[in-house]
Amino acid sequence: MIILEDVNKSYGKGAPALNNISLHIEKGEFAFIVGDSGSGKSTLIKLLLKELTPTSGKIYVNNTDVTRLKHSRIPKYRRGIGTVFQDFRLLKDRNVYENVAFAQRVISVPGREIRKNVPSVLSLVGLAEKYKSKPKELSGGEQQRVALARAIINKPRILLADEPTGNLDPKNSWEIMKLLEQINKNGTTVLVVTHNREIVNEMRKRVITMKKGVIISDQKKGGYIDED
Ligand code: ADP
Ligand code: MG
C-alpha cells in the first residue's frame with residue numbers, strides 16, 4: 001500500500017531531512033511514527049502527499065508511482081488519502097455539517113448522497129448533535145473529530161495523521177486515537193505521527209521510530225523507545 005525505497009530528502013545544505021529511508025506499510029495496517037522533533041516525520045508525510053518531491057528514491061502509494069505522478073494528476077491522487085493535522089484546519093466560517101459536506105462537494109457527490117453521508121459520519125465521530133455549530137463553538141477534541149469526519153467521508157484507503165493529538169488533552173487524545181483505531185478496523189490503512197508516549201505504549205501497534213532522518217527502529221506491537 002505504501003512503499004518507500006531508498007528515499008532521501010534534502011531541503012538545502014546541511015544534513016538531509018530524510019536519509020535513505022526504506023519502508024513498507026501493508027494494506028490495512030495501523031502504524032505509529034515517533035521520534036524527536038526535527039527527525040523527519042512531517043517530511044515523510046509531505047512526501048506521501050506529494051507536497052514535496054524526494055531528492056532521490058522511489059515512493060509508491062496505492063500502486064501509484066508518486067515520484068512520477070504528473071502535476072495534473074495530483075489532486076485526484078490526494079483524494080485517495082485522508083489527512084488530519086495538529087491544527088484541525090477547519091473552515092472557520094462554516095458549520096460542522098458544511099465542513100464535512102465540503103469534502104464531498106468538491107468531488108461532485110450528489111446532494112442526496114451528501115445528506116445521507118454527513119450525518120452518518122458525524123454519528124461515527126460522536127458529533128451528530130453538533131452539526132450546526134461553528135468551529136469556534138467547539139472544544140479542540142470536537143474540532144479534531146470534525147476534521148476526522150471530513151478526512152474519512154470519501155472513504156480513503158489511507159489515512160495520514162500528523163500529530164493529531166498535539167493540541168488535545170489526554171482524554172480527547174484517547175478518543176481521537178480510538179476513532180483512528182476504529183477507522184483502521186473498518187479497513188483503512190492508518191499512519192499516525194505522534195509524541196504521545198502513553199498512547200503508543202498502550203495501543204501495541206507497529207511503531208516506527210525516526211531519528212535525524214533515519215528509521216532507527218521498526219517494531220510490531222511496539223512501544224516508545226526510551227533514549228537518553
Ligand atoms: P519532524 O516532523 O519530525 O519534527 P520535519 O520533517 O518537520 O521533522 O523536519 C525534518 C528536518 O528538516 C528538520 O531539521 C527541519 O528543520 C528541516 N525542514 C523541515 N521543513 C523544512 C523546510 N521547508 N525548509 C528547510 N528545512 C526544513
Ligand atoms: Mg512534524
Side-chain angles (χ1 to χ4, degrees), residues 2-25 29-61 66-67 69 71 74 77-78 81-90 140-141 143-144 147-148 150-151 156 158-170 172-174 176-177 179-180 184 189-201 203 205-219 222-228:
I2 299 175
I3 299 172
L4 285 88
E5 285 174 1
D6 300 324
V7 170
N8 290 280
K9 177 66 192 175
S10 295
Y11 286 103
K13 291 186 183 123
L18 292 181
N19 192 348
N20 236 36
I21 296 270
S22 292
L23 179 65
H24 283 225
I25 309 257
E29 268 199 281
F30 186 119
F32 285 118
I33 301 180
V34 305
D36 296 341
S37 183
S39 58
K41 307 180 298 296
S42 295
T43 299
L44 176 59
I45 297 290
K46 286 173 185 163
L47 289 173
L48 295 176
L49 291 169
K50 206 169 167 71
E51 287 177 15
L52 292 174
T53 305
T55 309
S56 64
K58 281 296 193 184
I59 300 174
Y60 302 91
V61 177
V66 181
T67 38
L69 194 62
H71 264 283
I74 292 175
Y77 165 74
R78 286 192 187 139
I81 304 174
T83 51
V84 183
F85 299 95
Q86 179 169 1
D87 54 0
F88 321 136
R89 302 191 187 180
L90 300 176
Q143 289 185 59
Q144 194 60 302
L148 208 46
R150 179 184 58 185
I158 298 177
L159 182 65
L160 303 178
D162 193 351
E163 305 205 28
T165 64
N167 283 328
L168 304 181
D169 62 24
N172 280 300
S173 296
W174 267 112
I176 292 295
M177 288 295 186
L179 281 169
L180 289 169
N184 172 248
T189 304
V190 175
L191 202 52
V192 184
V193 172
T194 186
H195 282 115
N196 200 309
R197 179 178 296 268
E198 186 196 310
I199 288 178
V200 170
N201 286 339
M203 283 178 67
K205 303 289 189 189
R206 180 175 175 185
V207 181
I208 297 155
T209 306
M210 296 184 59
K211 187 174 185 176
K212 294 181 180 164
V214 302
I215 293 173
I216 56 164
S217 152
D218 185 349
Q219 305 172 293
Y224 221 96
I225 299 207
D226 274 304
E227 286 191 80
D228 17 87

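The chain is numbered in sequence order, starting from 1. Every heavy atom of this structure was used, including side-chain atoms; hydrogens, water molecules and symmetry mates were not. Both counts, for ligands and for their atoms, begin at 1 and track the order of listing.
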Which atom names give the shortest non-hydrogen contact between L47 and T53, and what distance separates them?
CD2-C, 3.6 Å
Is there a donor-acceptor contact under 3.5 Å from the side chain of N184 to the main chain of E29?
yes
Provide the protein N, O or S atoms situated under 2.8 Å from the Mg ion (ligand 2); waters are not included.
S42 OG
Check: N201 side chain, Y224 main-chain N or O, donor-acceptor pair, under 3.5 Å:
yes
To which protein heavy atom is atom 27 (C) of ligand 1 closest, and what is the distance rounded to 0.1 Å?
Y11 CD1, 3.2 Å
Heavy-atom closest pair (A17 atom, Y11 atom, distance to 0.1 Å) is CB-CE1, 3.4 Å
Report yes if some N/O of G38 lies less than 3.5 Å from some N/O of ligand 1; otherwise report no.
yes
closest protein heavy atom to atom 7 (O) of ligand 1 is S42 CB, 3.7 Å
Minimum heavy-atom distance R89-R150, with the two atoms named
O-NH1, 2.8 Å
Quick one: which ligand 1 atoms are inside 4.0 Å of a heavy atom on D36?
3 (O)
Which of the atoms of ligand 1 are close to S39, meaning less than 4.0 Å from one of its heavy atoms?
1 (P), 3 (O), 8 (O)
For ligand 1, the portion of V193 having any non-hydrogen atom under 4.0 Å away:
neither
Quick one: nearest non-hydrogen protein atom to atom 3 (O) of ligand 1, plus distance?
K41 NZ, 2.7 Å
T43: numbered ligand 1 atoms lying under 4.0 Å from its heavy atoms:
5 (P), 6 (O), 9 (O), 10 (C)
I'd like to know if atom 16 (O) of ligand 1 has any protein heavy atom within a distance of less than 4.0 Å.
no
Donor-acceptor contact below 3.5 Å, side chain D36 vs main chain S39:
no
Looking at V34, is its backbone amide N or carbonyl O close enough to the side chain of T209 to form a donor-acceptor pair, meaning the two atoms are under 3.5 Å apart?
no
What residues, two or more places apart in sequence or in another chain, satisfy side-chain contact (heavy atoms from CB on, under 4.5 Å) together with K46?
E51, L52
Contact bool for atom 13 (C) of ligand 1 (protein heavy atom, d < 4.0 Å)
yes
S217 and I225 have their tightest heavy-atom pair at OG-CD1, 3.1 Å
If we count only N and O atoms by modelled type, under 3.5 Å, do the side chains of N8 and S56 hold a donor and an acceptor together?
yes
Any atom of ligand 1 sitting under 4.0 Å from a heavy atom of S37?
yes
Closest non-hydrogen protein atom to atom 8 (O) of ligand 1, residue and atom name please, with distance?
G40 N, 3.2 Å
Restricting to non-hydrogen atoms, name the atom on Q144 and the atom on F85 that form the minimum distance, rounded to 0.1 Å.
NE2-O, 2.8 Å
Looking only at atom types and distance, does a side-chain atom of Q143 sit under 3.5 Å from a main-chain N or O of L90, one as donor and one as acceptor?
no
